[in-house]
Structure formats: structure tokens, C-alpha cells
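Everything below concerns the one structure shown next.
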2 protein chains.
Amino acid sequence: MSDRHTDVTMTARFSAVECSLKDVLDRIGDKWSILVVAALAREPVRFRALQRSIDGISQRMLTLTLQRLERDGLLTRTVIDMRPPRVEYALTATGQSLTIPLRSLADWAEEHRGTITASRAAWDSQHSS
Amino acid sequence: MSDRHTDVTMTARFSAVECSLKDVLDRIGDKWSILVVAALAREPVRFRALQRSIDGISQRMLTLTLQRLERDGLLTRTVIDMRPPRVEYALTATGQSLTIPLRSLADWAEEHRGTITASRAAWDSQHSS
DNA sequence: CGGCATCCGCCGGGATACTG
DNA sequence: CAGTATCCCGGCGGATGCCG
């Protein structure tokens with residue numbers, strides 16, 4: 001009985017987690033959002049600087065990604081009126097809070113990168129027949 | 001000098017993080033990998049049970065995702081010889097370790113879901129002109 | 001049940017050109 | 001510099017059918 005009750009509870013909690021994960025993935029699970037948030041983690045950055053710091057992102061995708069993140073309240077867009085035009089992007093408190101789990105993910109990647117690469121090599125050589 | 005040195009160090013560390021993030025996103029940044037890992041977090045699960053528990057995944061994508069995750073050493077595939085066929089998928093130690101940062105992400109989503117939804121609604125009403 | 005093979009639609013996203 | 005507008009392609013991924 002006790003075991004069973006525990007299991008039901010944990011199953012419910014697990015379902016909730018899975019649902020949350022799907023939510024977060026729908027929001028920031030695209031190709032660039034996470035990288036943009038990471039690039040803004042330390043300080044506000046201007047548009048071109050962002051584009052230079054995020055390897056491989058196109059102007060179009062940077063614009064779209066920034067707009068979505070602003071819509072979700074993860075960052076703010078500030079126009080400083082001068083010539084040439086100057087627009088700064090900065091994380092909101094919510095956006096800043098996201099950098100904490102992102103850091104965990106990055107740390108995980110750092111730690112297991114070697115293992116994963118090795119596993120791939122082993123798998124590939126074994127399935128090359 | 002001291003400030004400058006600190007800044008250079010942090011910039012380097014930041015670049016490393018960004019690189020790690022790109023790595024992890026290239027591996028598990030697709031539409032389903034994270035959800036599959038989450039679905040296996042508690043215990044080994046069979047193919048059909050997985051498909052039922054992950055809402056919306058097709059047979060094809062489940063197969064492909066499982067193969068990639070096995071190749072990366074995040075899970076194991078075990079065939080139990082009986083009728084009807086029975087195949088169990090289970091996380092490896094590496095895969096299990098990934099559930100920790102994933103849990104952080106899910107918790108973040110849980111905590112900020114309301115804020116984000118509200119921000120979206122506000123943005124949408126303001127840009128409906 | 002647990003797959004694999006094939007076909008195909010869609011859209012994410014790159015390239016390019018143009019504006020303020 | 002900081003975008004917007006268009007065009008267009010590749011491949012992700014869904015649907016379907018077949019096999020051990």
C-alpha cells in the first residue's frame with residue numbers, strides 16, 4: 001500500500017515534469033534561443049555584437065529569435081537614439097534566471113563530451129559492417 | 001590590470017560555455033531526445049510504452065531518437081527473447097546524469113510558465129495594431 | 001510487439017537585396 | 001548599425017505499408 005501510494009505520487013510528479021519540459025522546449029527549444037540567452041548572460045549586447053558572438057546565426061534568425069524572446073519577456077529591447085542607431089538587448093530577471101539551468105546543461109556537456117564522443121566512435125565502428 | 005585580466009578570463013570561460021551549449025544542443029537539441037530521456041528517468045521502459053507516454057511522437061521518430069541516444073551512450077537497448085517480442089530501453093549512468101540538469105530546466109519552466117504566458121498576451125495585444 | 005522502408009509535405013532557416 | 005522583405009532549398013518529421 002505504502003509502496004503503491006509512493007509510486008502513484010511519483011508518477012504524477014513525473015508527468016508534470018514531462019509537461020513542463022515540453023513547454024520549455026516549445027519556447028526555447030529552437031535552434032538559436034538558448035544561444036542568444038547565453039550570449040546575453042553577462043551583460044547587455046548590441047545587435048551586431050550578438051551576431052558576431054553567435055557563430056553561424058544569420059541576420060534574419062537573430063531578428064526573429066530576439067523578437068520571440070522579447071515577446072516571452074525573457075529580454076528587453078532598448079533603442080538609444082543616436083547616429084549610427086544603437087539598440088541594446090538585455091535579459092530580464094526571468095531571462096537571467098534561465099541562465100542558471102542553462103549553466104547546468106553546459107556543465108553537463110562539458111563533463112560528458114568525451115564519453116559521448118567515444119561512445120559514438122565505438123558505435124560507428126561496430127555498425128560499419 | 002586586475003580588472004582587465006578578470007574580464008579576459010571570464011570572457012574565455014563564457015566562450016567555453018557557449019561552445020558546450022552548442023555541443024549539447026547539437027546532440028539533444030532536436031524535437032524529441034530530451035523528452036525520451038525524461039520518460040526513461042525513473043525506470044526502463046518498453047518501446048510501445050514509450051510511444052504512449054510521449055505525447056505526439058511517431059513510431060519513426062521514436063526509433064530514430066532511440067538509435068541516436070544509444071549511439072551517444074545515453075541509453076541501452078535490451079532485447080528480451082519471448083513472444084511477443086520485448087525490448088527495454090534504459091538510461092546509462094551518463095543518461096541518468098543528464099536528468100539532473102533537465103530537472104532544473106523543468107523546474108524553471110514550472111516556475112515561470114505563468115509569467116511568460118502573461119508576457120505573451122501583453123505583447124500580442126500591444127502589437128495587434 | 002518492435003521495428004524498417006518509402007513517400008512527401010511543410011517550414012525552419014539561409015542568401016540576398018533593399019530601407020531608415 | 002539595425003533592421004525588413006522575398007525567394008527558395010534541405011531535411012525534419014508525419015503517414016502509411018510491410019516484416020520478423
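In the text below, chain A, chain B and the rest are named by the order of the sequence lines, each starting its count at 1. Side-chain atoms are counted along with the backbone in the values below, which use heavy atoms only and exclude waters and symmetry mates. Everything numeric in this text was worked out from a predicted model, so none of it was measured.
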Carboxylate-amine/guanidinium contact B:Lys22 A:Asp55, below 4.0 Å: no
Out of C:dG2, D:dG3, D:dC1, whichever nucleotide has its closest atom nearest the side chain of A:Arg46: D:dC1
Step-by-step side-chain contact (heavy atoms from CB on, under 4.5 Å) determination, B:Ser97 to A:His112: CA-CA 9 Å; B:Ser97 70; A:His112 296 91; 3.2 Å; yes
Contact under 4.0 Å: A:Arg86 side-chain N or O vs D:dC1 OP1/OP2: no
Phosphate-side-chain proximity, B:Tyr89 and C:dG3, N/O vs OP1/OP2 below 4.0 Å: yes
A:Arg77 CZ - D:dC1 C1' separation (whole Å): 12 Å
Euclidean distance, atom CD of residue B:Glu70 to atom P of C:dG2 [Å, nearest integer]: 15 Å
Spacing of A:Met82 atom CE relative to D:dA2 atom P, expressed in whole Å: 10 Å
Shared hydrophobic cluster for A:Leu74 and B:Trp123 (ILVMFWY, side-chain gaps under 4.5 Å): no
Euclidean distance, atom CG of residue B:Leu62 to atom C1' of C:dC1 [Å, nearest integer]: 13 Å
Using the 3.5 Å cut-off, write out each protein N or O paired with an N or O of nucleotides 4-11 of chain D and the distance between them.
unit_1	atom_1	unit_2	atom_2	d
D:dT4	OP2	A:Gln67	NE2	3.2

side-chain N/O B:Arg83 vs D:dG20 OP1/OP2, d < 4.0 Å: no
Separation of C:dG3 P from B:Arg48 CZ (nearest whole Å): 11 Å
ILVMFWY cluster, B:Ile80 and B:Leu75 together (side-chain gap under 4.5 Å): no
A:Trp32 side chain, from C-beta outward: closest of D:dG3, C:dG14, D:dA2: C:dG14
Length of the line joining B:Ile80:CD1 and C:dG3:C1', which is rounded to integer Å: 15 Å
Hydrophobic cluster identity match, A:Val87 and A:Met82, side-chain contacts under 4.5 Å: no
Between C:dG2 (P) and B:Leu66 (CG): distance, integer Å: 11 Å
Separation of atom CG in A:Leu50 from atom C1' in D:dA2, rounded to whole Å: 12 Å
Rounded distance [0.5 Å steps], CZ in B:Arg71 versus CG in B:Leu69: 11.0 Å
B:Thr99 vs B:Gln96, side-chain contact (heavy atoms from CB on, under 4.5 Å): CA-CA, chis, key distance, verdict: CA-CA 5 Å; B:Thr99 65; B:Gln96 198 68 49; 3.9 Å; yes
